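Just so we're on the same page: letters track the sequence lines, and every chain starts at 1. Computed from a predicted structure; not experimentally measured.
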There are 2 protein chains.
Amino acid sequence: MYTSKVKIILADDHAVLMTGLRLLLNNEPDFEVTGEASDGEKVLELLEKQSADILILDLSMPNMSGLECIREIKSRGHDIKILVLTMYEDENYVKEAMRAGALGYVVKQAVDTELFDAIRTVDKGLRYLSFHNAQLLINNLLTEPSRKAEDDPYSLLSAREREVLKYMARGHSMKQIGEVLCLSVKTVDTYKTRLMEKLNCTQKSQLVEYALRHGLLPVKNM
Amino acid sequence: MYTSKVKIILADDHAVLMTGLRLLLNNEPDFEVTGEASDGEKVLELLEKQSADILILDLSMPNMSGLECIREIKSRGHDIKILVLTMYEDENYVKEAMRAGALGYVVKQAVDTELFDAIRTVDKGLRYLSFHNAQLLINNLLTEPSRKAEDDPYSLLSAREREVLKYMARGHSMKQIGEVLCLSVKTVDTYKTRLMEKLNCTQKSQLVEYALRHGLLPVKNM
DNA sequence: AAGGAAATCAGTAATTTACTGATAACAGAA
DNA sequence: TTCTGTTATCAGTAAATTACTGATTTCCTT
């Protein structure tokens, strides 16, 4: 019986490692790497041109972070399963990534066979977490995905609000943001007020915290 | 004419990537990966048992960091050339590593051919830096390791200034920072002014950018 | 002893934010 | 179709924050 290979797109800003990873995956009889991208924006461009079964994504990439990238992929309605492969063992990253729409999460410390398992699992449409304490997390995550709105108010934000949030977190003043976005200071000010309301903040620093947590502050290229 | 292969030991705590890297290197006719280690201590153990021409070392590893590892290798008198392969583009890391005794420094963002070049160069006993502006660095490093200051303005900052920078980048106001650090707003204001001077900024957003770039904004746990 | 950072604070002018409204467009509910 | 809620947009004024210009003390180095 003929079974077609799992088509995989890789996204990682570490070129050498991505090349190695490609070799590793192509060595397996049932995998095939069909595309590579070095940051979130390039992933999106690539997805416009070609589809694949699985996207293996690093979270820390320049320009557009992995998390933002996941959200954008979802909002554009691309039909691709996302497997996060990253160095961050932090629970928060796992949560954020899964909430944003990832199907699997594997740390780079994992051995190759674990990654293979993860790919095959995710390919079937099933969740995969690489962690020891993963089960807890999965349960938490799955048994009560109801209070989604409160959990992730991010989905409540309008496009403009998100935009303003990013600039604010990077330390721009209302005035500066207004100039960049061609808006009156007053308008930007309103967005800020809304952000505070929606995200339940009383201080600007809490907004920054929120932005950090949600991967809205990737380091930009020089 | 027969030429023996360059024997390489890999050290990286990211197992998947190390496996990929091994494949990549073994694919080259003149390289041969003869050992792997997942942290500094294991590198040292391995070196007691086997020698090799080159050690490709990640800087961020658990237990014993890459830098410590380099120092220890040198102090034990092992005869192996060290090539650092890491994600850190920061000049300081380069310097530290080279001072500690590394012969080459390549960032993971580099493409495979660059890594190959680096290996071959280092194998000849020559220095290799992967940077565009590397040559400057080499010269600085070797001719006058004295004027550390201008190179990295971060080292110019006083403890207080760094502290204030972190809070500022996280979106706290002068007033808030003053409260946390038990200082007058005025004092904090002065630090801010100094920061701007030292880091050559005219806007707060540039300070935030600087902080981001230098990893001063880690995501905190919940 | 002189020179030079570092840490600390003040006063006032100039900006920026906070807060309170407001209007127009549009989508969905009733 | 009318009502309601959401988004996008802007204004005015009071309150708060920052920018700028000094200044003092301590400590370290030469």
Q: Using the test side-chain contact (heavy atoms from CB on, under 4.5 Å), find all partners of L103(B) that sit at least two apart in sequence or belong to another chain.
A: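 In terms of side-chain contact (heavy atoms from CB on, under 4.5 Å), with neighbours along the sequence ignored, L103(B) is linked to K81(B), V122(B), R127(B).
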
Q: With nearest nucleotides of DNA chain C determined for M174(A) and T193(A) from heavy-atom distances, which residue corresponds to the more 5′ nucleotide?
A: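 Nearest-nucleotide comparison on DNA chain C picks M174(A).
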
Q: Could you list the residues that satisfy side-chain contact (heavy atoms from CB on, under 4.5 Å) with R160(B), not counting sequence neighbours?
A: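 With sequence neighbours excluded, R160(B) shows a side-chain contact (heavy atoms from CB on, under 4.5 Å) to S158(B), E163(B), L181(B), L183(B), Y191(B), given in chain and number order.
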
Q: Name all residues meeting the salt bridge (charged side-chain N to carboxylate O under 4.0 Å, His left out) criterion together with R22(A); count only those two or more places apart in sequence or in a different chain, and write none if there are none.
A: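 With neighbours one apart ignored, the set is E36(A).
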
Q: Just jot down the salt bridge (charged side-chain N to carboxylate O under 4.0 Å, His left out) partners of D39(B), sequence neighbours excluded, or say none.
A: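 For D39(B) the salt bridge (charged side-chain N to carboxylate O under 4.0 Å, His left out) partners, ignoring immediate neighbours, are K42(B).
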
Q: What parts of residues 177-190 of chain B reach DNA chain C, counting only heavy atoms under 4.0 Å away?
A: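 When residues 177-190 of chain B is checked for heavy atoms under 4.0 Å from DNA chain C, the hits, listed by number, are L183(B), S184(B), K186(B), T187(B), T190(B).
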
Q: Sort and list the pairs that fulfil salt bridge (charged side-chain N to carboxylate O under 4.0 Å, His left out) and have at least one residue in residues 184-195 of chain B, not counting sequence neighbours.
A: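 Applying salt bridge (charged side-chain N to carboxylate O under 4.0 Å, His left out) to every pair that reaches into residues 184-195 of chain B, excluding sequence neighbours, yields E161(B)-R194(B).
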
Q: Check whether any side-chain heavy atom of M196(A) sits under 4.5 Å from a side-chain heavy atom of Q206(A), and report yes or no.
A: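 A side-chain contact is absent here, since even the closest heavy-atom pair is not under 4.5 Å.
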
Q: What pairs of residues pass the salt bridge (charged side-chain N to carboxylate O under 4.0 Å, His left out) test when at least one of them lies in residues 45-57 of chain A, not counting sequence neighbours?
A: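 Output for this query lists E48(A)-R76(A).
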
Q: Specify the separation, in whole Å, of atom CE of M168(B) and atom P of dT18(D).
A: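 My rounded result for the distance is 8 Å.
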
Q: Looking at five pairs on each end of the helix from dA1(C)-dT30(D) to dA30(C)-dT1(D), what is the angle between the two axes, given to 10 degrees?
A: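 The two end axes of the helix from dA1(C)-dT30(D) to dA30(C)-dT1(D) meet at 40°.
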
Q: Here's a test for you: under side-chain contact (heavy atoms from CB on, under 4.5 Å), which of L115(A), D123(A), L57(A), T121(A) qualifies with L83(A)?
A: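 Between L83(A) and the candidates, side-chain contact (heavy atoms from CB on, under 4.5 Å) is satisfied uniquely by L115(A).
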
Q: Does a side-chain N or O of K175(B) approach OP1 or OP2 of dA16(D) to a distance below 4.0 Å, or not?
A: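 For K175(B), the contact criterion (side-chain N or O under 4.0 Å from OP1 or OP2 of dA16(D)) is not met.
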
Q: Is the backbone N or O of Y167(A) less than 3.5 Å from a side-chain atom of H172(A), with the two atoms forming a donor-acceptor pair by type?
A: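 Side chain of H172(A) to backbone of Y167(A), a donor-acceptor pair under 3.5 Å: yes, one is there.
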
Q: If you look only at pairs with a residue in residues 167-185 of chain B, which of them pass as a salt bridge (charged side-chain N to carboxylate O under 4.0 Å, His left out), with sequence neighbours excluded?
A: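 Listed once each, the pairs are E209(A)-R170(B).
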
Q: Does the side chain of T34(A) come under 3.5 Å of the side chain of Q50(A) through a donor N or O and an acceptor N or O?
A: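 Distance-only check passes for T34(A) and Q50(A).
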
Q: Specify the separation, in whole Å, of atom CG of L207(A) and atom P of dT17(C).
A: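 For the pair L207(A) CG and dT17(C) P, the rounded distance is 13 Å.
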
Q: Whole angstrom is fine here: how far is it from CG in L165(A) over to P in dA8(D)?
A: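 Distance check: L165(A) CG to dA8(D) P gives 14 Å.
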
Q: Under 4.0 Å between a Lys/Arg side-chain N and an Asp/Glu carboxylate O for D58(A) and K108(A)?
A: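 K108(A) and D58(A): salt-bridged.
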
Q: Quickly work out the K192(A) NZ to dC10(D) C1' distance and round it to whole Å.
A: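 Roughly 17 Å, once rounded to whole Å.
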
Q: Are there any protein N/O atoms within less than 3.5 Å of an N/O atom in nucleotides 3-6 of chain C, and if so, which ones and at what distance?
A:
unit_1, atom_1, unit_2, atom_2, d
dA6(C), OP2, K198(B), NZ, 3.0

Q: When the distance from CD of E197(B) to P of dC20(D) is rounded to whole Å, what number comes out?
A: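 Atom CD in E197(B) sits about 10 Å away from atom P in dC20(D).
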
Q: Where along nucleotides 25-30 of chain D does protein come under 4.0 Å, by heavy atom, of base (B) or sugar-phosphate alone (S), with - for untouched nucleotides?
A: ------

Q: List for me each residue that meets side-chain hydrogen bond (donor to acceptor under 3.5 Å, both in side chains) alongside D30(A), sequence neighbours excluded, and say none if there are none.
A: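 Residues passing side-chain hydrogen bond (donor to acceptor under 3.5 Å, both in side chains) with D30(A): R120(A).
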
